[in-house]
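Everything on this sheet refers to the single structure shown next.
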2 protein chains.
Amino acid sequence: MMARVARRQPEACRAWELLTRLFFAQRGQLPSLAGELDLSPVQCHVLHLMQPDQPIPMGRLAETLACDASNVTGLVDRLESRGLIVRRASADDRRVKVIVLTPTGARLRAELHQRLAAPPDPFQRLSEAEQRTLVRILERLLG
Amino acid sequence: MMARVARRQPEACRAWELLTRLFFAQRGQLPSLAGELDLSPVQCHVLHLMQPDQPIPMGRLAETLACDASNVTGLVDRLESRGLIVRRASADDRRVKVIVLTPTGARLRAELHQRLAAPPDPFQRLSEAEQRTLVRILERLLG
DNA sequence: TATTGTTATACTCTATAACTATA
DNA sequence: TATAGTTATAGAGTATAACAATA
(Lines give C-alpha, C1' and ligand atoms only; values in the text may rest on other atoms or scores of the structure.)
Protein backbone atom coordinates (compact mmCIF):
# COMPACT_ATOMS: atom_id res chain seq x y z
CA MET A 1 0.00 0.00 0.00
CA MET A 2 2.70 2.42 1.05
CA ALA A 3 4.93 1.17 -1.75
CA ARG A 4 2.08 1.67 -4.25
CA VAL A 5 1.63 5.24 -3.11
CA ALA A 6 5.38 5.81 -3.28
CA ARG A 7 5.63 4.44 -6.80
CA ARG A 8 2.62 6.27 -8.13
CA GLN A 9 3.08 9.57 -6.32
CA PRO A 10 6.76 10.36 -6.00
CA GLU A 11 6.05 14.08 -5.72
CA ALA A 12 3.57 13.48 -2.90
CA CYS A 13 6.29 11.58 -1.03
CA ARG A 14 8.77 14.38 -1.55
CA ALA A 15 6.22 16.94 -0.33
CA TRP A 16 5.46 14.78 2.69
CA GLU A 17 9.18 14.41 3.46
CA LEU A 18 9.57 18.18 3.47
CA LEU A 19 6.50 18.62 5.67
CA THR A 20 7.89 16.01 8.07
CA ARG A 21 11.07 18.06 8.36
CA LEU A 22 8.89 21.08 9.16
CA PHE A 23 6.99 19.06 11.79
CA PHE A 24 10.14 17.99 13.60
CA ALA A 25 11.57 21.50 13.43
CA GLN A 26 8.31 22.80 14.89
CA ARG A 27 8.27 20.17 17.63
CA GLY A 28 11.12 22.07 19.27
CA GLN A 29 9.34 25.40 19.15
CA LEU A 30 6.05 24.41 20.72
CA PRO A 31 7.51 23.78 24.21
CA SER A 32 9.01 27.26 24.42
CA LEU A 33 5.85 28.91 23.14
CA ALA A 34 3.88 26.81 25.62
CA GLY A 35 6.25 27.77 28.41
CA GLU A 36 5.61 31.47 27.84
CA LEU A 37 1.94 30.83 28.59
CA ASP A 38 2.72 28.51 31.51
CA LEU A 39 1.31 25.60 29.57
CA SER A 40 2.65 22.24 28.43
CA PRO A 41 2.57 21.27 24.74
CA VAL A 42 -0.41 18.95 25.29
CA GLN A 43 -2.28 21.63 27.19
CA CYS A 44 -1.70 23.91 24.18
CA HIS A 45 -3.12 21.20 21.98
CA VAL A 46 -6.25 20.98 24.12
CA LEU A 47 -6.74 24.75 24.17
CA HIS A 48 -6.12 24.87 20.43
CA LEU A 49 -8.92 22.36 19.91
CA MET A 50 -11.52 23.93 22.19
CA GLN A 51 -13.99 26.37 20.67
CA PRO A 52 -15.70 28.75 23.11
CA ASP A 53 -19.21 27.51 23.98
CA GLN A 54 -18.57 24.17 22.36
CA PRO A 55 -18.35 21.42 24.99
CA ILE A 56 -16.16 18.39 24.20
CA PRO A 57 -16.71 14.96 25.80
CA MET A 58 -13.58 13.78 27.59
CA GLY A 59 -13.59 10.59 25.55
CA ARG A 60 -13.45 12.52 22.30
CA LEU A 61 -10.51 14.48 23.67
CA ALA A 62 -8.68 11.19 24.28
CA GLU A 63 -9.39 10.14 20.67
CA THR A 64 -8.20 13.42 19.20
CA LEU A 65 -5.04 13.48 21.30
CA ALA A 66 -4.55 9.79 20.48
CA CYS A 67 -3.90 8.96 24.12
CA ASP A 68 -5.47 6.76 26.77
CA ALA A 69 -8.58 8.01 28.55
CA SER A 70 -6.88 7.69 31.94
CA ASN A 71 -4.46 10.29 30.78
CA VAL A 72 -7.16 12.83 30.07
CA THR A 73 -8.27 12.74 33.70
CA GLY A 74 -5.03 14.28 34.99
CA LEU A 75 -4.75 16.60 32.01
CA VAL A 76 -8.24 17.97 32.63
CA ASP A 77 -7.59 18.06 36.41
CA ARG A 78 -4.66 20.43 35.90
CA LEU A 79 -6.46 22.65 33.40
CA GLU A 80 -9.49 22.77 35.66
CA SER A 81 -7.45 23.58 38.78
CA ARG A 82 -6.04 26.54 36.87
CA GLY A 83 -9.54 27.73 36.07
CA LEU A 84 -9.15 27.37 32.31
CA ILE A 85 -11.88 24.78 31.79
CA VAL A 86 -14.68 23.15 33.78
CA ARG A 87 -16.16 19.66 33.74
CA ARG A 88 -19.91 19.35 33.25
CA ALA A 89 -22.13 16.28 33.28
CA SER A 90 -23.67 15.49 29.92
CA ALA A 91 -27.45 15.71 29.80
CA ASP A 92 -27.79 12.79 27.39
CA ASP A 93 -25.62 10.19 29.08
CA ARG A 94 -24.78 10.55 32.74
CA ARG A 95 -21.58 8.56 32.32
CA VAL A 96 -20.19 11.22 30.01
CA LYS A 97 -18.47 14.40 31.20
CA VAL A 98 -17.86 17.29 28.86
CA ILE A 99 -15.37 20.08 29.30
CA VAL A 100 -16.00 23.74 28.54
CA LEU A 101 -13.73 26.77 28.32
CA THR A 102 -14.09 29.31 31.14
CA PRO A 103 -13.78 33.01 30.27
CA THR A 104 -10.19 32.83 31.55
CA GLY A 105 -9.55 29.79 29.37
CA ALA A 106 -11.06 31.51 26.34
CA ARG A 107 -8.77 34.50 26.87
CA LEU A 108 -5.70 32.28 27.14
CA ARG A 109 -6.82 30.38 24.06
CA ALA A 110 -7.08 33.64 22.14
CA GLU A 111 -3.59 34.58 23.30
CA LEU A 112 -2.31 31.18 22.16
CA HIS A 113 -3.93 31.53 18.76
CA GLN A 114 -2.47 34.99 18.37
CA ARG A 115 1.04 33.71 19.06
CA LEU A 116 0.62 30.69 16.82
CA ALA A 117 -0.55 33.02 14.06
CA ALA A 118 2.86 34.57 13.41
CA PRO A 119 4.43 32.75 10.47
CA PRO A 120 8.13 31.84 10.89
CA ASP A 121 10.60 34.11 9.11
CA PRO A 122 11.20 31.83 6.08
CA PHE A 123 7.67 32.60 4.89
CA GLN A 124 8.84 36.06 3.95
CA ARG A 125 11.03 34.48 1.29
CA LEU A 126 7.89 33.44 -0.59
CA SER A 127 6.33 35.76 -3.12
CA GLU A 128 2.68 36.68 -2.67
CA ALA A 129 1.78 34.44 -5.60
CA GLU A 130 3.58 31.51 -3.97
CA GLN A 131 1.84 32.21 -0.68
CA ARG A 132 -1.56 32.20 -2.36
CA THR A 133 -0.74 28.98 -4.20
CA LEU A 134 0.42 27.35 -0.97
CA VAL A 135 -2.82 28.36 0.75
CA ARG A 136 -4.92 26.93 -2.09
CA ILE A 137 -3.09 23.60 -2.02
CA LEU A 138 -3.17 23.30 1.78
CA GLU A 139 -6.89 24.03 1.76
CA ARG A 140 -7.44 21.14 -0.61
CA LEU A 141 -5.24 18.99 1.59
CA LEU A 142 -7.11 19.80 4.79
CA GLY A 143 -10.59 20.25 3.35
CA MET B 1 6.75 42.73 14.61
CA MET B 2 4.18 39.98 14.42
CA ALA B 3 1.49 42.53 13.65
CA ARG B 4 3.61 43.93 10.83
CA VAL B 5 3.99 40.50 9.31
CA ALA B 6 0.28 39.87 9.70
CA ARG B 7 -0.64 43.11 8.00
CA ARG B 8 1.83 42.75 5.18
CA GLN B 9 1.52 39.03 4.55
CA PRO B 10 -2.05 37.92 5.14
CA GLU B 11 -1.60 34.92 2.83
CA ALA B 12 1.50 33.80 4.73
CA CYS B 13 -0.55 33.88 7.93
CA ARG B 14 -3.31 31.83 6.36
CA ALA B 15 -0.78 29.30 5.06
CA TRP B 16 0.82 29.12 8.50
CA GLU B 17 -2.56 28.63 10.16
CA LEU B 18 -3.26 25.67 7.89
CA LEU B 19 0.18 24.20 8.54
CA THR B 20 -0.39 24.61 12.28
CA ARG B 21 -3.58 22.58 11.94
CA LEU B 22 -1.55 19.91 10.14
CA PHE B 23 1.07 19.98 12.93
CA PHE B 24 -1.48 19.43 15.68
CA ALA B 25 -3.21 16.70 13.70
CA GLN B 26 0.17 15.05 13.17
CA ARG B 27 1.08 15.37 16.86
CA GLY B 28 -1.39 12.58 17.56
CA GLN B 29 0.05 10.24 14.96
CA LEU B 30 3.70 10.36 15.97
CA PRO B 31 3.17 8.56 19.30
CA SER B 32 1.51 5.57 17.63
CA LEU B 33 4.14 5.36 14.90
CA ALA B 34 6.80 5.64 17.59
CA GLY B 35 5.11 2.93 19.63
CA GLU B 36 5.30 0.48 16.74
CA LEU B 37 9.09 0.86 16.83
CA ASP B 38 9.20 0.78 20.65
CA LEU B 39 10.33 4.37 20.69
CA SER B 40 9.01 7.56 22.25
CA PRO B 41 8.29 10.63 20.10
CA VAL B 42 11.46 12.38 21.28
CA GLN B 43 13.53 9.29 20.57
CA CYS B 44 12.08 9.32 17.04
CA HIS B 45 13.15 12.93 16.76
CA VAL B 46 16.71 12.05 17.77
CA LEU B 47 16.91 9.13 15.33
CA HIS B 48 15.40 11.31 12.61
CA LEU B 49 18.18 13.84 13.13
CA MET B 50 21.12 11.44 13.26
CA GLN B 51 22.97 10.74 10.02
CA PRO B 52 25.03 7.53 9.95
CA ASP B 53 28.74 8.27 10.58
CA GLN B 54 27.96 11.82 11.59
CA PRO B 55 28.59 12.29 15.33
CA ILE B 56 26.52 14.94 17.14
CA PRO B 57 27.70 16.65 20.34
CA MET B 58 25.19 16.19 23.14
CA GLY B 59 24.97 19.93 23.61
CA ARG B 60 23.94 20.42 20.01
CA LEU B 61 21.24 17.80 20.50
CA ALA B 62 19.86 19.80 23.42
CA GLU B 63 19.79 22.92 21.22
CA THR B 64 18.03 21.18 18.34
CA LEU B 65 15.46 19.55 20.60
CA ALA B 66 15.08 22.87 22.41
CA CYS B 67 15.37 21.20 25.79
CA ASP B 68 17.70 21.43 28.78
CA ALA B 69 21.05 19.63 28.60
CA SER B 70 20.23 17.65 31.75
CA ASN B 71 17.39 16.10 29.82
CA VAL B 72 19.65 14.81 27.07
CA THR B 73 21.59 12.72 29.59
CA GLY B 74 18.63 10.45 30.35
CA LEU B 75 17.47 10.45 26.74
CA VAL B 76 20.90 9.31 25.53
CA ASP B 77 21.14 6.84 28.45
CA ARG B 78 18.00 5.06 27.28
CA LEU B 79 18.98 5.02 23.60
CA GLU B 80 22.46 3.80 24.52
CA SER B 81 21.14 1.06 26.82
CA ARG B 82 19.09 -0.19 23.86
CA GLY B 83 22.22 -0.30 21.73
CA LEU B 84 20.97 2.27 19.22
CA ILE B 85 23.69 4.87 19.81
CA VAL B 86 27.00 5.15 21.68
CA ARG B 87 28.69 8.03 23.47
CA ARG B 88 32.23 8.92 22.43
CA ALA B 89 34.61 11.51 23.84
CA SER B 90 35.37 14.34 21.46
CA ALA B 91 38.98 14.59 20.33
CA ASP B 92 38.92 18.41 20.25
CA ASP B 93 37.44 19.17 23.65
CA ARG B 94 37.48 16.55 26.36
CA ARG B 95 34.44 18.08 28.05
CA VAL B 96 32.31 17.29 25.00
CA LYS B 97 30.71 13.91 24.32
CA VAL B 98 29.36 13.05 20.90
CA ILE B 99 26.83 10.38 20.08
CA VAL B 100 27.00 8.06 17.08
CA LEU B 101 24.50 5.64 15.55
CA THR B 102 25.33 1.95 15.99
CA PRO B 103 24.54 -0.43 13.09
CA THR B 104 21.37 -1.41 14.98
CA GLY B 105 20.48 2.26 15.40
CA ALA B 106 21.10 2.93 11.73
CA ARG B 107 18.76 0.09 10.77
CA LEU B 108 16.03 1.36 13.08
CA ARG B 109 16.52 4.86 11.71
CA ALA B 110 16.07 3.54 8.17
CA GLU B 111 12.89 1.76 9.25
CA LEU B 112 11.63 4.99 10.83
CA HIS B 113 12.36 6.99 7.71
CA GLN B 114 10.58 4.43 5.58
CA ARG B 115 7.45 4.64 7.73
CA LEU B 116 7.54 8.41 7.86
CA ALA B 117 7.82 8.45 4.06
CA ALA B 118 4.24 7.33 3.40
CA PRO B 119 2.15 10.43 2.71
CA PRO B 120 -1.25 10.56 4.45
CA ASP B 121 -4.23 9.71 2.25
CA PRO B 122 -5.36 13.31 1.58
CA PHE B 123 -2.27 13.77 -0.59
CA GLN B 124 -3.92 11.61 -3.21
CA ARG B 125 -6.52 14.31 -3.69
CA LEU B 126 -3.84 16.57 -5.15
CA SER B 127 -3.11 16.50 -8.86
CA GLU B 128 0.45 15.80 -9.95
CA ALA B 129 0.85 19.44 -10.92
CA GLU B 130 -0.29 20.54 -7.46
CA GLN B 131 2.10 18.08 -5.85
CA ARG B 132 5.02 19.44 -7.88
CA THR B 133 4.07 23.00 -7.02
CA LEU B 134 3.82 22.13 -3.33
CA VAL B 135 7.28 20.56 -3.43
CA ARG B 136 8.76 23.60 -5.13
CA ILE B 137 7.30 25.98 -2.55
CA LEU B 138 8.28 23.84 0.44
CA GLU B 139 11.81 23.58 -0.90
CA ARG B 140 12.05 27.35 -0.97
CA LEU B 141 10.59 27.46 2.53
CA LEU B 142 13.09 24.98 3.96
CA GLY B 143 16.10 25.79 1.80
C1' DT C 1 36.03 31.87 35.43
C1' DA C 2 33.16 29.73 32.04
C1' DT C 3 31.42 25.57 29.84
C1' DT C 4 29.98 20.43 29.18
C1' DG C 5 27.82 16.90 30.89
C1' DT C 6 25.96 14.56 35.14
C1' DT C 7 23.19 14.00 39.35
C1' DA C 8 19.31 14.98 42.53
C1' DT C 9 14.75 16.46 42.76
C1' DA C 10 10.14 17.48 41.43
C1' DC C 11 6.35 17.77 38.20
C1' DT C 12 3.93 16.46 33.94
C1' DC C 13 2.80 13.05 30.39
C1' DT C 14 1.79 8.48 29.24
C1' DA C 15 0.05 3.52 29.39
C1' DT C 16 -1.90 -0.61 31.87
C1' DA C 17 -4.96 -2.63 34.98
C1' DA C 18 -8.54 -2.54 38.36
C1' DC C 19 -12.53 0.02 39.93
C1' DT C 20 -17.23 2.84 40.06
C1' DA C 21 -21.26 4.51 38.08
C1' DT C 22 -24.20 4.35 34.39
C1' DA C 23 -26.21 2.32 30.12
C1' DT D 1 -22.50 -6.97 29.66
C1' DA D 2 -20.45 -2.92 27.85
C1' DT D 3 -18.92 1.89 28.26
C1' DA D 4 -17.13 6.59 30.44
C1' DG D 5 -14.37 8.22 33.57
C1' DT D 6 -11.36 7.58 37.77
C1' DT D 7 -7.62 5.72 40.60
C1' DA D 8 -3.21 3.39 41.47
C1' DT D 9 1.07 2.47 39.72
C1' DA D 10 5.14 2.74 36.95
C1' DG D 11 8.21 4.65 33.45
C1' DA D 12 9.61 8.49 30.41
C1' DG D 13 10.09 13.51 29.40
C1' DT D 14 11.07 17.99 31.26
C1' DA D 15 13.25 21.93 34.06
C1' DT D 16 16.04 23.82 37.99
C1' DA D 17 19.89 23.77 40.86
C1' DA D 18 24.22 21.96 42.45
C1' DC D 19 28.32 19.47 41.05
C1' DA D 20 32.77 17.46 38.62
C1' DA D 21 35.93 17.71 34.95
C1' DT D 22 37.86 20.43 31.57
C1' DA D 23 38.81 24.76 29.03
Side-chain angles (χ1 to χ4, degrees), chain A residues 24 26-49 55-82 84-100, chain B residues 24 26-49 55-82 84-100:
Chain A
F24 277 115
Q26 201 53 22
R27 251 186 78 79
Q29 310 205 7
L30 185 55
S32 55
L33 190 157
E36 291 173 23
L37 302 176
D38 258 304
L39 295 170
S40 71
V42 202
Q43 289 174 336
C44 279
H45 197 164
V46 174
L47 253 55
H48 184 254
L49 291 170
I56 298 183
M58 291 182 63
R60 203 156 80 69
L61 204 52
E63 277 176 36
T64 309
L65 299 177
C67 72
D68 193 85
S70 66
N71 200 358
V72 174
T73 299
L75 188 54
V76 167
D77 280 348
R78 286 180 283 273
L79 288 169
E80 193 170 29
S81 73
R82 280 192 51 187
L84 302 174
I85 61 175
V86 288
R87 283 172 167 95
R88 273 205 229 127
S90 165
D92 307 331
D93 183 337
R94 288 198 302 178
R95 291 174 303 181
V96 173
K97 291 179 190 170
V98 297
I99 62 174
V100 193
Chain B
F24 278 115
Q26 201 53 22
R27 251 185 78 78
Q29 310 206 8
L30 185 55
S32 54
L33 190 157
E36 291 172 23
L37 301 176
D38 258 304
L39 293 170
S40 71
V42 201
Q43 290 174 335
C44 280
H45 197 166
V46 174
L47 253 57
H48 183 254
L49 290 171
I56 298 183
M58 291 182 63
R60 203 156 80 71
L61 204 52
E63 276 175 37
T64 309
L65 299 177
C67 73
D68 193 86
S70 66
N71 200 358
V72 173
T73 299
L75 188 55
V76 167
D77 280 349
R78 287 180 284 273
L79 289 169
E80 193 169 31
S81 73
R82 280 191 53 186
L84 301 175
I85 62 174
V86 289
R87 283 173 167 95
R88 274 206 229 129
S90 165
D92 307 330
D93 183 336
R94 291 198 300 178
R95 289 173 304 181
V96 173
K97 290 180 192 170
V98 297
I99 61 173
V100 192

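Worth knowing before you read on, the calculation uses all heavy atoms, side chains too, and leaves out hydrogens, waters and symmetry mates. A, B, ... follow the sequence lines: proteins, then strands. Residue 1 opens every chain.
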Closest to the A:T73 side chain: D:dT7, D:dA15, D:dG13? D:dT7

Hey, are A:D77 and A:R82 close enough for a salt bridge, meaning a charged N less than 4.0 Å from a carboxylate O? no

In terms of ring plane angle, is the pair A:F24 and B:H45 parallel, tilted or perpendicular, where the classes change at 30° and 60°? tilted

Locate the shortest heavy-atom distance separating A:V76 from A:M58; write the atom from each residue and the value. CG2-CE, 4.0 Å

Quick one, which residues of residues 33-40 of chain A touch DNA chain D with a heavy atom under 4.0 Å? none

Can you tell which of C:dT6, D:dG5, D:dA23 lies closest to the side chain of B:K97? C:dT6

Calculate the interatomic distance between B:Q43 atom CD and D:dA12 atom P; express it in whole Å. 8 Å

Rounded to whole Å, how long is the line connecting atom NE2 of A:H45 with atom P of C:dC13? 14 Å

Could you tell me how far apart B:N71 (CG) and C:dC13 (C1') are, to the nearest whole angstrom? 13 Å

Worked verdict on A:I99 versus A:R88 for side-chain contact (heavy atoms from CB on, under 4.5 Å): CA-CA 6 Å; A:I99 62 174; A:R88 273 205 229 127; over 6 Å; no

Any chance you could measure A:Q26, atom CD, to A:Q29, atom CD, to the nearest 0.5 Å? 4.5 Å

How close or far is atom P of C:dT14 from atom CG of A:L61, stated in whole angstroms? 11 Å

Nucleotide nearest A:R95 when distance is taken to its side chain, options C:dA15, C:dT4, C:dA21: C:dA21

NA contact type, A:R60, heavy-atom cut-off 4.0 Å: base, sugar-phosphate, or nothing? nothing

Of the listed nucleotides (C:dG5, D:dT6, C:dC13), which one gets closest to any side-chain atom of B:V96? C:dG5

Separation of D:dG13 atom C1' from A:L30 atom CG, nearest Å, is 14 Å

Stepwise, does the side-chain contact (heavy atoms from CB on, under 4.5 Å) test hold for A:L61 with A:L49? CA-CA 9 Å; A:L61 204 52; A:L49 291 170; 4.2 Å; yes

From C-beta outward on A:C67, which listed nucleotide comes closest to its side chain: D:dA15, C:dA15, D:dA23? C:dA15

Between CD1 on residue B:I85 and CG on residue B:L47, distance to nearest 0.5 Å: 8.0 Å

Record whether the side chain of A:S70 comes under 3.5 Å of the base of C:dT14 through a donor-acceptor pair of N or O atoms. no

For atom CZ of A:R87 and atom P of D:dA4, their distance in whole Å: 16 Å

A:M58 CE to C:dA21 C1', straight-line distance once rounded to whole Å: 15 Å

If you pin B:R78 and B:A69 to their nearest nucleotides in DNA chain D, which one's is more 5'? B:R78

May I have the distance from B:D68 (atom CG) to C:dT7 (atom P), rounded to whole angstrom? 14 Å

For DNA chain C, whose closest nucleotide is more 5', that of B:G74 or that of B:D93? B:D93

